[in-house]
Each structure stands twice: as structure tokens, then as C-alpha cells.
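Written below as C-alpha cells is the structure these notes are about.
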Amino acid sequence: MAPGDPEFDVVVAGSGAAGMTAALAAASRGLSVVVIEKTGYFGGSTARSGGGVWVPCNSVLRQAGVRDSAEQASSYLAHVAGDCVTPERQRALLDHGPAMLDLVRSAAPVTFAWVPGYADYYPEAPGGMASGRTIEPAPLDGRILGDELDRLNPPYLPAPDGMAITAADYRWLSLGARHPRSIWTTAKVAGRMAVTKALRRRTISLGQALSAGLRAGLASAGVPVWLDTPLTGLVTDGGRVSGVRAIRNGQPAVIQARRGVLIATGGFERNAAMRAEYQRQPIGTDWTVGSPGNTGDGIVAGQDAGAAVDLMDDAWWGPSIPLTGGPFFCLSERSLPGCILVNAAGERFVNEAAPYVDAVHAMYDKHTDDKPHIPAWLIFDQRYRNRYVFAGLPPRKPLPRRWYAAGAVFRAESLAELADQVGIFADGLGETVRRFNSFAVAGKDDDFGRGDSAYDR
Ligand SMILES: Cc1cc2nc3c(=O)[nH]c(=O)nc-3n(C[C@H](O)[C@H](O)[C@H](O)COP(=O)(O)OP(=O)(O)OC[C@H]3O[C@@H](n4cnc5c(N)ncnc54)[C@H](O)[C@@H]3O)c2cc1C
């Protein structure tokens, strides 16, 4: 370290929700803080995300009239996290989560709303809630950030100009015209888009709204966010982390931290070597919808300073289709009636409507011939296509030719022909469809219990 090095009480590396929330918390205690961000954009994967926040017993849920208790939430968390997360950490989330959210609500212009009916992922588990505990940021006019809005990491799926959809909207929009609420929600979203255009607003939602709101909070608190400033290592002094090494203005630099350094540099989804080392095969750095800057730098810096790591083999997984613009993360597409997910043998291997992380765990499970169920294929018929939104396309709209050309989607007039094109065992697929159709008639999936959980529905 040198006398001219910039110095703060707290240095935060990474400008996702974790880093920006921590920086807000430190600033609210009167500490001087800087956020350093590797890329030219703030927001990280948070800005690409749904922005849903799961913090039981928070003030937003209370105000929405959601009945919950610390005991219920604690049994649920213990059931879900099991032995993977220590009881102390589980308690920390429950004890401090609500205060964290209140801090964000008071220090940043983010308004949150409950997402009614977005069930907990295991609503039938002890303490689980079918009505859900998820809250999300309300749509926000990005103009509050001025020119800095251009530095917001873009969403991974570009939406038509001015279109802002919430998770609460998505639940109904995905149903096409199958429910009166869907038609009403489509009208509401179109109205919001028209107002946005007429008033020249830049309305944003989901993780975009969360990231922009947090960034606006930092601006009000006077916390600088230095873009294009990657952390390259930690500086230690007598066993204590006393600063960070970084590249600043294209030059190696040291930033001193009087009180502490917070590493919030996201995951390692874009680091081929780490993915190969820690995760199951097949895998690749293009198998992600996460942020381009997330190459595990902070994890490596921590390890270099002697930190332990845990749960490196697991992730926020989601079944995705490799469309031409990049992977498309399937959510409602898997759950809606009229589709099945099969492996190369043409067999189902999971409840299609299962939580996305569980669905990918099942994809990596070994099949009888010792191969994982990868690639898996989502099979649906024209009736399904005519009814529901698929990968952002309205019902009935033909899938783009380029998706066919890229081999991401196939179509055929019969199951046997389809199986042949895709390379699935045709007899297996035929038998699976016959069996699944009998479940559909009976209203009960005897193989995987699809639809049994409130989450599926
Ligand atoms: C499509 C999608 C939808 C999702 N939906 C939800 C949801 O609704 N609810 C939910 O809870 N989770 C959701 N997730 C997961 C969630 O987005 C992430 O777990 C969360 O955003 C991680 O936040 P973070 O702040 O830790 O990291 P990030 O938001 O990824 O931020 C990390 C930042 O650190 C920066 N960085 C990396 N290396 C360095 C370095 N060396 N120096 C400085 N900066 C560095 C990165 O560029 C990035 O800006 C979703 C994820 C995706 C991709």
C-alpha cells in the first residue's frame, strides 16, 4: 500500500443486489463505502433476474395481509435447507432479513409488492405456504437514474420497447387467453406500455427495477460505483484483509479498506475451468443466463486469502433451451398442460412442473445406461402452442425459422417422425405419450405426481 491509495471504510466488490445492499447498509451506518464493478455495467445477474425476494415475515408481506410466523418460516427453512446450511445461518436470514428489506425500502426508491399465488417451492412441506412468500419490485421509471440508466446491465431477454412485466403479471400472461384474468392482464400491460411511451418514461421491472432502485439509493447516499474496476486480489496485513487489488483506469491499483472488504462478485458461471472442476458434465460457459462478468474472481481471491468454500457443485439451475439468441430459461413452458419432458429413450424422468433447480438435478441424474438425461426434449402439440405463451411468443405465433435451422426445435406430423428427427427412441416416446395421456384423462400423474403440489399449479 502507498500513501496515495484511495481509502474507504468499506470496499464492496460487485454491483449486484448483494453488493449494492451491503453498500447501502454500510453507508446507513455512516461508513464511507465504494463499490467496484468489473464490467462497464452495474447490476450483474441481479439485473437479468426476476428480482423476486424471499424473506419471510417481512413488512411488505405483513402489509399485504399475508399470515405467517417466525416458527412456521423456521420449520420450512429447516426442512428445505436440511443439513446443507447451518442452523445459525438459517436463523440469520430469518432474524435479519426483514430489517435488511426495511433498510432497502427506506434507503432506495424501490417499492415492493407481494406476488400472490407464487407458491413457496415446497408448499406442502412443514411451514410451506401455497399462497407464497415471494415479493417483487414494482415497475420503476428508470429516469430516476438519469444517464446512469444506460449503465444498467441489460436483461438477458430483450423485451419490446417500454414493455415492463412483473412476476404477478407473468402468471396470467403465460396462459394466453385461457383465463379472463389473462386477458385483463394483457390489457393492463399494454396500457402500462402505452403510458410509458406517451410520457416518455423508461419503465422497468423485475431485476432491472431492483438493480436500478438500489443504484439510485447508492447515488442518494453518495456511494461511488466505479465501473470497469475489477478486483484482482485481496491485500492482507497481519492476517487481516486491509484492502483490495484492482485495475482502475486501466492500471493496477490498491484500494484500502479501513473496516472491511465485502466480496459480492457473483458466481463462476462464465469460468470454464471452474465449471469443469466443480460441476457435473456436460457443462459449458454458454450454459448460463448469468452475467458475463461472473468468472468467480471473488471466490478465487477469497481462496487465495485462505477462505473455505462450500456447495460449489450446486447452483441456481434451470432447464433451458439453446435458442439462437442464447439459452432460454423455461419456467411456465414446462408446467402448462399439453407438454412432456423426455430423455433420449423417449421416457419422462421428472415432474415437468418441478422447481427449476430440482428439474436440473434430475436431468443430471444418471439414466439406466449411465448417461444423464441430457439433452432432454420438451414435447408439445399444436393445441398447446395455440393456447399458451412460449418463450415470449404469443399463442399460435409460429416459432421462428432460425430456431429450426439451429436445431433447437423440430416439428413433425407424427410422434414417430418427430422422434426420428430429434434422435429419440420412437417406441419409447410413443409409449410415454400413451401413458401420460391416460394420466391426463384420470387427472393424476402416477409416475411423477405432476400437478400434486400447489407450486406446480
Ligand atoms: C434469469 C434469472 C432469473 C433469476 N430470478 C431470480 C429471482 O427471481 N429471485 C432470486 O432470488 N434469484 C433469482 N435469480 C438468481 C439471482 O439473480 C442471483 O442469485 C443473484 O442476483 C446474485 O446476486 P449477487 O449480487 O450475488 O451477484 P450478481 O448480481 O451476479 O453481481 C455480481 C457482480 O459482480 C461483478 N464482478 C464479477 N467479478 C468481479 C470482480 N473481479 N471485480 C468486481 N466486480 C466483479 C459482476 O460483473 C456482477 O456485476 C435469477 C437469476 C437469473 C439469471
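Order of appearance sets the numbers: ligands from 1, and atoms from 1 within every ligand.
- Near ligand 1, heavy-atom contacts under 4.0 Å come from G14, S15, G16, A17, A18, I36, E37, K38, T39, G43, G44, S45, T46, R48, S49, G50, G51, G52, Y156, P230, L231, A264, T265, G266, V289, G293, N294, D297, W316.
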Open item on the list: One pair to check against side chain to side chain donor-acceptor pair (under 3.5 Å): D169 and T185. What are the steps and the verdict?
Closed with: CA-CA 6 Å; D169 297 332; T185 307; 5.5 Å; no
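- Annotation: side-chain hydrogen bond (donor to acceptor under 3.5 Å, both in side chains) contacts of R450 (sequence neighbours excluded): E352.
- Taking R270 as the reference, nothing meets the salt bridge (Lys or Arg N to Asp or Glu O under 4.0 Å) condition, with sequence neighbours excluded.
- Not counting sequence neighbours, R385 has no partner by the side-chain hydrogen bond (donor to acceptor under 3.5 Å, both in side chains) test.
- Using cut-offs of 30° and 60° on the angle between ring planes, the pair Y356 and Y121 is perpendicular.
- When atom types are taken as modelled, the side chain of W114 and the backbone of G132 share a donor-acceptor pair closer than 3.5 angstrom.
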